[in-house]
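Here the structure comes first, spelled out in structure tokens, and everything after it is commentary.
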Amino acid sequence: MSDKVFRLYDTLTRRVKPVDTIEPGHLRFYSCGPTVYSYAHIGNFRSFLTADLIVRTAKAIGWRVTWVSNITDVGHLTQDDVADASGEDKMERALKSKEGERFNNVWELAEYYTDAYRADWAQLNLSEPDIRPKATQHVREQIIATQELIDRGYAYETPTGVYFSVESFPSYGRLSGNTQENLKKAVRDVVLDDNKREQADFAVWKKDDRHLMQWFSPYGWGFPGWHIECSVMARAYLGDTIDLHSGGEDNIFPHHECEIAQSEALTGKPFSNHWTHTRFLQVNGEKMSKSLGNFYTVRMLIEKGADPLAIRYALIAGSYSSPLNFTDQGLKDAMANVERFRRAEAVTEEGIASARPGDDALGSILEDLYQQSLGAMLNDLNTSVALAKALEGARTIVREADALTESSSKSSKEFLAKINALLGIVRHDNPNIAKSLLVVEEEELDVTRIEALIVERTEAKLSKNYTRADEIRESLEAEGIELRDGPDGTQWVRKSGL
RNA sequence: GGUGCCGUGCCCAAGUGGCCCAAGGGGACGGUCUGCAAAACCGUUAUUCGCCGGUUCGAAUCCGGCCGGCACCUCCA
């Protein structure tokens with residue numbers, strides 16, 4: 001525990017305010033996860049990273065965190081709630097697509113993309129949520145909640161499903177500004193459904209005995225509406241009122257607006273005391289979309305040679321509360337920065353091994369920088385400043401390099417460990433998980449041959465045969481191997497494909 | 001039409017009333033090192049914050065107008 005204040009923007013009150021926990025020092029946090037009908041893209045991950053950074057920051061000030069992040073493995077409708085429920089389900093559509101051919105059924109498809117999601121998650125060094133519930137594992141509770149909403153007069157059954165009556169919940173629209181009145185003014189074409197009392201009413205349960213995923217309920221065969229899963233799972237794991245709820249900006253409406261309505265209708269208590277939303281990621285100044293060809297997944301970028309931690313860095317380089325422009329150049333920039341942390345770590349290890357006597361020249365400087373970095377994170381997750389302070393620390397360490405005493409090295413090591421716990425950009429917290437899930441197989445390198453060539457080049461240099469030396473350097477360069485001459489000999493590194 | 005968000009150097013991006021003649025990263029340029037390069041390290045790189053007015057002792061920061069961009073309005077992180 002500490003007396004530090006963690007401030008975050010709250011979408012509901014539209015201002016930055018301290019995160020208050022109901023139980024002192026214990027954050028109960030729910031973040032919306034993906035629908036697993038395809039690979040999650042880097043825009044999805046930007047929003048998951050916000051959740052990860054919230055958890056890391058809370059832990060850095062000594063809070064206990066119970067973090068629930070769901071997996072939506074029920075397909076929801078791709079179209080508006082059309083009257084006959086014939087709207088195609090996005091998981092069904094994925095199954096019928098070319099990529100879906102290899103799956104026997106939607107369940108396998110969901111499982112495959114869930115695994116892929118978790119692998120990418122580990123690659124980007126996101127910490128593991130305490131609970132990762134699946135919508136399909138909570139259908140029973142969703143049916144019970146649906147019935148309760150009917151019993152309490154907030155929902156009604158029609159020939160096509162069960163709908164939540166927006167009129168019955170007067171504060172509907174408080175989060176998004178889409179009040180019933182404003183929604184009526186909307187001129188957007190909406191598919192009319194005569195079964196609904198009001199156009200703004202939304203589905204809690206859809207009746208459909210042809211749906212690929214269906215369950216039996218008091219209303220016959222069908223499947224749950226999209227919003228009810230989060231209401232139910234948040235309550236099951238975190239209680240009636242939670243401290244904080246997060247998601248992407250597109251979740252504000254309708255998803256979170258509807259969650260609030262359902263949850264508060266069920267419990268009569270506030271659903272979440274704080275709401276945080278991550279703004280969209282743009283790619284090269286444009287909206288990310290498949291048609292524009294700028295739709296990036298984590299594995300695509302790794303295949304292109306991007307360092308997973310650099311992807312992470314690039315995605316958190318800007319504030320979560322503003323749109324971020326993800327560019328190829330930004331990714332390269334991030335790689336250079338991640339490299340600097342690696343260098344600082346290498347220098348630190350050498351310094352400890354050297355056992356050089358002397359004062360700890362860095363301890364207080366680094367502690368100060370860490371505190372500034374933490375302070376920035378506590379101030380509405382100001383990642384730009386937090387990263388700047390972390391980089392300054394890494395630079396400070398690298399600058400000392402050969403002059404690092406053993407005690408300075410130990411301070412450096414502590415600094416890097418704390419920065420990594422806070423920002424996750426120095427190294428993978430759990431390298432084994434990241435490695436075992438590595439999506440791209442490192443192509444085999446003939447290390448013996450490379451090292452033999454380096455020896456040959458060193459000899460050529462000694463005999464002043466620079467033509468041969470440069471020839472070796474250039475041929476290795478062409479293979480993607482970069483040579484770096486230093487006082488202690490020549491090192492080699494793989495060059496990134498970016 | 002409704003509801004929100006944004007416009008800072010060549011690029012990305014902090015700062016939202018005085019500590020800012022504006023962090024940090026990349027790039028570019030100069031230097032140290034080096035056979036040369038790469039890497040590393042050091043230094044330089046916005047009297048200025050979309051435009052025009054206003055408020056104020058003081059504005060990138062507040063207010064008004066204009067121009068430009070983005071998101072959501074029941075598939076979407």
Side-chain angles (χ1 to χ4, degrees), chain A residues 11 14 31-35 37 40-51 75-81 87-90 93 166 173 176-179 181-188 190-191 199-203 225-227 246-255 257-258 277-282 285-289 313-314 317-319 321-327 329-337 339-340 343 347 376 382-392 395 398-399 401 461-462 464-466 469-470 473-474 477 482-487 490-491 493 495:
Chain A
T11 311
R14 294 184 174 75
S31 70
C32 276
T35 302
Y37 65 102
H41 54 67
I42 55 172
N44 298 118
F45 275 103
R46 167 143 125 116
S47 133
F48 307 148
L49 277 161
T50 301
H76 295 289
L77 300 181
T78 54
Q79 298 171 25
D80 199 329
D81 289 346
E88 205 177 10
D89 171 294
K90 57 187 160 181
R93 188 173 61 178
V166 166
S176 63
N178 287 332
T179 57
E181 200 175 277
N182 285 337
L183 283 171
K184 277 174 190 159
K185 282 190 223 153
V187 292
R188 201 168 182 273
V190 187
V191 180
Q199 208 40 65
D201 293 352
F202 57 90
W226 176 35
H227 318 301
S246 77
E249 64 171 312
D250 54 330
N251 280 155
I252 296 172
F253 191 87
H255 189 49
E257 194 72 72
C258 295
H277 295 94
T278 303
R279 295 287 162 192
F280 268 115
L281 184 75
Q282 298 195 305
E286 292 177 304
K287 181 178 174 162
M288 182 161 51
S289 75
Y313 191 110
S319 166
S321 58
S322 301
L324 177 71
N325 189 13
F326 185 92
T327 60
Q329 185 59 50
L331 188 54
K332 282 184 199 164
D333 294 356
M335 286 226 247
N337 290 326
E339 274 298 314
R340 186 189 285 180
R343 222 172 295 124
V347 162
N382 189 335
T383 44
S384 300
V385 169
L387 289 168
K389 296 301 171 189
L391 274 177
E392 207 175 318
R395 191 212 298 275
V398 172
R399 189 185 299 155
K461 278 169 67 179
L462 282 171
K464 301 214 190 301
N465 184 358
Y466 295 124
D470 290 349
R473 185 169 69 201
E474 277 153 28
E477 174 118 27
E482 188 180 293
L483 297 188
R484 292 178 184 174
D485 293 341
T490 301
Q491 304 283 316
V493 291
K495 273 177 53 180

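Source: prediction; values computed, not measured. Just so it is clear: chains get the letters A, B, ... in the order the sequence lines come, proteins before strands, and each one is counted from 1. The figures here come from the full heavy-atom set of this structure, side chains too, leaving out hydrogens, waters and symmetry mates.
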Against the side chain of A:Asp250, the closest entry in B:A77, B:C73, B:C5 is B:A77

Per atom distances to the A:Asn337 side chain, the nearest of B:G2, B:G25, B:A77 is B:G25

Side chain to side chain contact (heavy atoms under 4.5 Å, CB included) filter on A:Thr327, not counting sequence neighbours, yields A:Asn284, A:Asn325, A:Gln329

Heavy atoms of A:Ala314 and A:Ala334 approach each other most closely as N-CB, 3.8 Å

Closest to the 5' end of RNA chain B, once A:Ile252 and A:Leu387 are matched to their nearest nucleotides, is A:Leu387

*asked:* What's A:Ser176 touching, base or sugar-phosphate or nothing? Going by heavy atoms closer than 4.0 Å.
replied: sugar-phosphate

For B:C63 versus B:C6, give the span between their P atoms, rounded off to a whole number of Å. 12 Å

Nearest-angstrom distance, P atom, B:C42 to B:C57:
45 Å

Under 3.5 Å: donor-acceptor pair, side chain of A:Arg46, backbone of A:Arg279: yes

Write down the distance separating the C1' atoms in B:U48 and B:A14, rounded off to the nearest Å. 16 Å

Here the distance between atom P of B:U3 and atom CD of A:Glu257, to the nearest Å, is 14 Å

Taking for A:Glu249 and for A:Val385 the nucleotide of RNA chain B with the nearest heavy atom, the one nearer the 5' end belongs to A:Val385

Give one of base, sugar-phosphate or nothing for A:Gln282, where a contact means two heavy atoms less than 4.0 Å apart.
sugar-phosphate

Any A:Asn382 side-chain N or O less than 4.0 Å from OP1/OP2 of B:G15 = yes

note: A:Phe280, atom CZ; B:A77, atom P; distance rounded to Å ~ 8 Å

Of all heavy-atom pairs linking A:Asp201 and A:Val166, the shortest is OD1-N, 2.9 Å

Base, sugar-phosphate, or nothing for A:Gly330, non-hydrogen atoms under 4.0 angstrom?
nothing

Atom CD of A:Gln329 and atom P of B:G9 are separated, to the nearest Å, by 17 Å

In terms of heavy-atom contacts, A:His277 and A:Asn251 come closest through CD2-CB, 4.5 Å

Closest non-hydrogen atoms of A:Glu257 and A:Gly173, given as atom of the first, atom of the second and distance, are OE2-N, 2.9 Å

Describe the nucleic acid contact of A:Ser31 in one word from base, sugar-phosphate, nothing, applying a heavy-atom distance below 4.0 Å. nothing

So, does A:Gln282 use its side chain to make a donor-acceptor pair with the main chain of A:Leu324 at under 3.5 Å?
no

Quiz item: Do A:Thr50 and A:Thr278 meet the criterion of a side-chain donor-acceptor pair at a distance under 3.5 Å?
Solution: yes

Here the distance between atom P of B:A13 and atom CG of A:Leu324, to the nearest Å, is 6 Å

What one should report as the nearest heavy-atom pair of A:Ala51 and A:Ser246 is CB-OG, 4.0 Å

note: A:Asn325, atom CG; B:G25, atom C1'; distance rounded to Å ~ 15 Å

Inset, instruction - Sticking with atom C1', work out how far B:A60 lies from B:C29, rounded to a whole angstrom. - result: 28 Å

Note to self: Any base atoms under 4.0 Å from A:Ala200, or only sugar-phosphate, or nothing? Heavy atoms, all strands.
What the structure shows: base

A:Thr35 has its side chain closest, among B:A77, B:A13, B:C73, to B:A77

Pairs under 3.5 Å (Watson-Crick or G-U), crossing ones as [ ], inter-strand ones as |: RNA chain B comes out as ((((((((.[[[..)..(.....]]]((((((.......))))))....[[[[[..)....]]]]])))))))....

#### Entry: Pairwise P distance for B:C20 and B:U56, with rounding to whole Å
26 Å

**Study point:** P gap between B:G50 and B:G9, integer Å
**Key:** 8 Å

Here the distance between atom C1' of B:A71 and atom NE2 of A:His277, to the nearest Å, is 13 Å

From CE of A:Met335 across to C1' of B:G26 the rounded distance in Å is 13 Å

Out of B:A71, B:G26, B:G25, minimum distance to the side chain of A:Leu391 belongs to B:G25

- Message: Base, sugar-phosphate or nothing for A:His255? Non-hydrogen atoms, less than 4.0 Å.
- Response: nothing

Worksheet item: Rounding to the closest angstrom, what is the interatomic distance between B:A59 and B:G68 at atom C1'?
Response: 22 Å

P atom, B:G27 versus B:G18: distance in rounded Å?
33 Å

Next on the checklist: Quick one: does any side-chain atom of A:Ser319 pair with a main-chain N or O of A:Ser321 as donor and acceptor, under 3.5 Å?
Outcome noted: yes

For A:Ser176 and A:Phe253 the tightest heavy-atom approach is OG-CD1, 3.2 Å

Should the pair A:His227 and A:Phe202 be assigned to parallel (<30°), tilted (30 to 60°) or perpendicular (>60°) ring geometry? perpendicular

Readout for nucleotides 30-41 of chain B: B = base within 4.0 Å of protein heavy atom, S = sugar-phosphate only, - = neither; 5' to 3' it is -----BBBBSSS

Margin query: Between the base of B:G26 and the side chain of A:Asp333, is one N or O donor paired with an acceptor at under 3.5 angstrom?
Written below: no

Between CG of A:Leu281 and C1' of B:C6 the distance, given in whole Å, is 15 Å

